[in-house]
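Below is one structure; the comments refer to it alone.
Note that ligands are numbered from 1 as they come in the structure, with each ligand's atoms numbered from 1 the same way.
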Amino acid sequence: MTVNVGVIGVGMIGQDHVRRLTTVLPGSAVVAVTDSDAERARSVAVSVPGGAAPRVFATGQELIADEAVHAVVVASWGPTHEEYVLACVAAGKPVFCEKPLATTQDACLRILDAEAAHGRRLVQVGFMRRFDPAYRALKETVDGGAIGAPLLFHSVHRNPSVPPHYTADMAISDTAVHDIDVARWLLDDEVAAATVLKPRRNSRAGALQDPLVVLLEMQGGAVVDVEVSVTIAYGYDIRGEVVGETGTAALAEGNTVVVKREGAFSGRVPPGWRERFLRAYDLEFEAWLAAAAQGSAAGPSAWDGYAATAVSDAALEALRTGTRQTVSMRERPGLYTPPGQGRATT
Ligand code: NAP
């Protein structure tokens, strides 16, 4: 079955997802696009290879309502996500929503309520690390018991630089939010409290407080430390190591070749997130399309989107106040897999 997809927001990542859906993955066709920049929507539509160009809609709401659209990708600006995800749920259409699910916890809760009222999952949130082959191997190792019960997770998120619009809060809400999600997923646990440390600043950081160390205390007692460095120059470097009772498991370096010459050895550090997570984006869409073809959703859920926003809010408050902040969350609805029962899934 071909899933006819409508894409809302065809900026940087939206265009990449259109490319993925039309030239990388089988089983889908992009039949509709919209963007607040109508000219951008038109130029993306005419650039889509293959048969008929996607229809260009004036608004996301009209795109969602169109009968030819089976499933929707929301890749517009974060504050617009709630409106479109709620419209998709109301229309009973599977929706892939780029992170964040929504920018406030109240908005996330409205989506949870709508999906619960619908009775089955329709929403997948774009936490692509869960599909990255290296993170999957790490999770399989931890879940398989090879290192004993996990006690600590060290996570490192390094960016060479960030664009001018990047604000101080984005180090947590935009960058560390991926580590927050992956910590919950790897450890099958929720975050109980957050503290943020401010090390000596990188002289390249301008007005930003960079680096940051985000400490997360999990409900089950494990502790997570996340280093966020966004002006570190040398490359995009993602690391993760779980310390268990009897061993450790870490993401391997991604190089397929290591060069040794003149008394030294070297490998490549990717320049950015696109290259590092290229395969993960493809795999997350493969899973989304398979579920959407069945009228449902897989992978990171609306609950995961809500939890990420709740923890990110607590960490932002910890950053502002310099104090430890507890994370309070609503009880998990039955629709969403509880921690400890999701080990074999994404
Ligand atoms: P972007 O380049 O600014 O693209 C967003 C596009 O959406 C722009 O063309 C924008 O138009 C359009 N837009 C804004 N409001 C809209 C609305 N109400 N209806 C229709 N279109 C609208 O941003 P981006 O970097 O692609 O990011 C988009 C989303 O993806 C964000 O939520 C971001 O956090 C997420 N993202 C996730 C990852 C990941 O690793 N998972 C990576 C990158 C981005 P204007 O330019 O006219 O405003």
Side-chain angles (χ1 to χ4, degrees), residues 6-21 32-45 47 54-66 69 72-88 95-104 107-108 111 123-132 135 157-159 162-167 169-182 185 228 230 236 238 270-285 287-288 299-300 304-305 308-309 312 346:
V7 180
I8 299 175
V10 284
M12 182 180 60
I13 197 116
Q15 287 180 35
D16 204 40
H17 292 332
V18 168
R19 177 193 62 78
R20 181 164 286 112
L21 289 165
V33 295
T34 185
D35 195 286
S36 52
D37 180 338
E39 192 40 50
R40 185 176 299 149
R42 273 191 289 276
S43 82
V44 169
S47 71
R55 279 183 68 195
V56 177
F57 284 82
T59 68
Q61 296 290 2
E62 288 169 60
L63 177 147
I64 293 164
D66 191 79
V69 172
V72 177
V73 171
V74 176
S76 48
W77 193 43
T80 68
H81 291 183
E82 177 195 6
E83 174 194 349
Y84 296 136
V85 173
L86 284 175
C88 289
V95 53
F96 176 92
C97 179
E98 262 308 342
K99 61 90 188 158
L101 173 64
T103 45
T104 68
C108 292
I111 292 169
V123 182
Q124 178 174 329
V125 181
F127 287 123
M128 75 297 179
R129 286 189 184 193
R130 296 182 182 214
F131 296 90
D132 175 67
Y135 271 111
H157 194 147
R158 295 186 185 143
N159 252 297
V162 284
H165 69 262
Y166 192 92
T167 59
D169 282 3
M170 287 170 78
I172 288 172
S173 61
D174 216 57
T175 302
V177 71
H178 284 289
D179 304 81
I180 289 168
D181 178 68
V182 96
W185 172 72
V228 181
V230 297
Y236 183 75
I238 299 299
W273 50 270
R274 271 173 199 271
E275 178 179 323
R276 170 63 183 82
F277 287 114
L278 187 69
R279 183 79 184 123
Y281 289 111
D282 291 348
L283 290 170
E284 76 172 345
F285 267 79
W288 179 65
D304 296 312
T309 299
S312 165
T346 55

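The aromatic rings of W185 and Y135 stand perpendicular to each other, their planes meeting at an angle above 60°, with 30° marking the opposite boundary. Using cut-offs of 30° and 60° for the angle between ring planes, the F285 and F96 rings count as tilted.
Ionic pairing of R129 and D132 is not present here: no N-O contact between side-chain nitrogen and carboxylate oxygen is shorter than 4.0 angstrom. A salt bridge is absent between R42 and D35; no separation between the charged side-chain nitrogens and carboxylate oxygens falls under 4.0 Å. We find that R130 and D304 are joined by a salt bridge, their nearest charged nitrogen and carboxylate oxygen being less than 4.0 Å apart.
Ligand 1 lies out of reach of F127, whose nearest heavy atom is not under 4.0 Å from it. Within the 4.0 Å heavy-atom shell around ligand 1 one finds H81. The closest approach between H178 and ligand 1 falls below 4.0 Å for a heavy atom of the residue. Using a 4.0 Å heavy-atom cutoff, F277 is absent from the residues neighbouring ligand 1.
Atom 10 (C) of ligand 1 has its closest protein heavy atom at D35 OD1, 3.6 Å. Closest to atom 4 (O) of ligand 1 among all protein heavy atoms lies G11 CA, 3.2 Å. Shortest contact from atom 39 (C) of ligand 1 to any protein heavy atom: Y281 OH, 3.4 Å. Protein heavy atom in closest approach to atom 29 (C) of ligand 1: S76 O, 3.4 Å. Annotation: atom 9 (O) of ligand 1 to nearest protein heavy atom, R40 NH1, 2.4 Å. Among protein heavy atoms, atom 28 (C) of ligand 1 sits closest to A75 O, 3.3 Å. Atom 47 (O) of ligand 1 has as its closest protein heavy atom S36 OG, 3.2 Å. The single protein non-hydrogen atom nearest to atom 36 (N) of ligand 1 is E98 OE1, 3.9 Å, given as residue, atom name and distance.
Considering backbone and side-chain N/O atoms, M12 comes within less than 3.5 Å of an N/O atom of ligand 1. Annotation: K99 places an N or O atom under 3.5 Å from an N or O atom of ligand 1; distance criterion only. Checked against a 3.5 angstrom limit, the closest N/O atoms of G126 and ligand 1 fall inside it.
Residue Y84 approaches ligand 1 through these ligand atoms, each under 4.0 Å from one of its heavy atoms: 17 (C), 18 (N), 19 (N). Shown in contact with P100 at under 4.0 Å from a heavy atom are these atoms of ligand 1, numbered in order with element: 32 (O). Listed by number with element, the atoms of ligand 1 under 4.0 Å from a non-hydrogen atom of M128 are 40 (O), 41 (N). Residue contact check: T80 has heavy atoms under 4.0 Å from atoms 15 (N), 18 (N) of ligand 1. Atoms of ligand 1 found under 4.0 Å from any heavy atom of G9, numbered from 1 in the order shown, are 7 (O), 21 (N). Atoms of ligand 1 found under 4.0 Å from any heavy atom of I13 (numbered from 1 in listed order, with element): 26 (O), 27 (O), 28 (C), 30 (O), 38 (C), 42 (C), 43 (C), 44 (C).
Remark: side-chain polar atoms of S43 are paired, donor with acceptor, to backbone N or O of R40 under 3.5 angstrom. Looking only at distances, a side-chain donor or acceptor of Q15 sits under 3.5 Å from a matching main-chain atom of V10. A donor-acceptor distance shorter than 3.5 angstrom exists from the side chain of H81 to the backbone of P100, with no hydrogens or angles considered.
Atoms CD and OG1, on Q61 and T34 in that order, are 10.5 Å from each other to the nearest 0.5 Å.
Here the closest non-hydrogen pair linking A102 and I111 is CB-CD1, 4.4 Å. The nearest pair of heavy atoms linking F127 to V177 is CE2-O, 4.1 Å. Between T104 and T309, the shortest heavy-atom distance links the atoms C-CG2, 3.9 Å.
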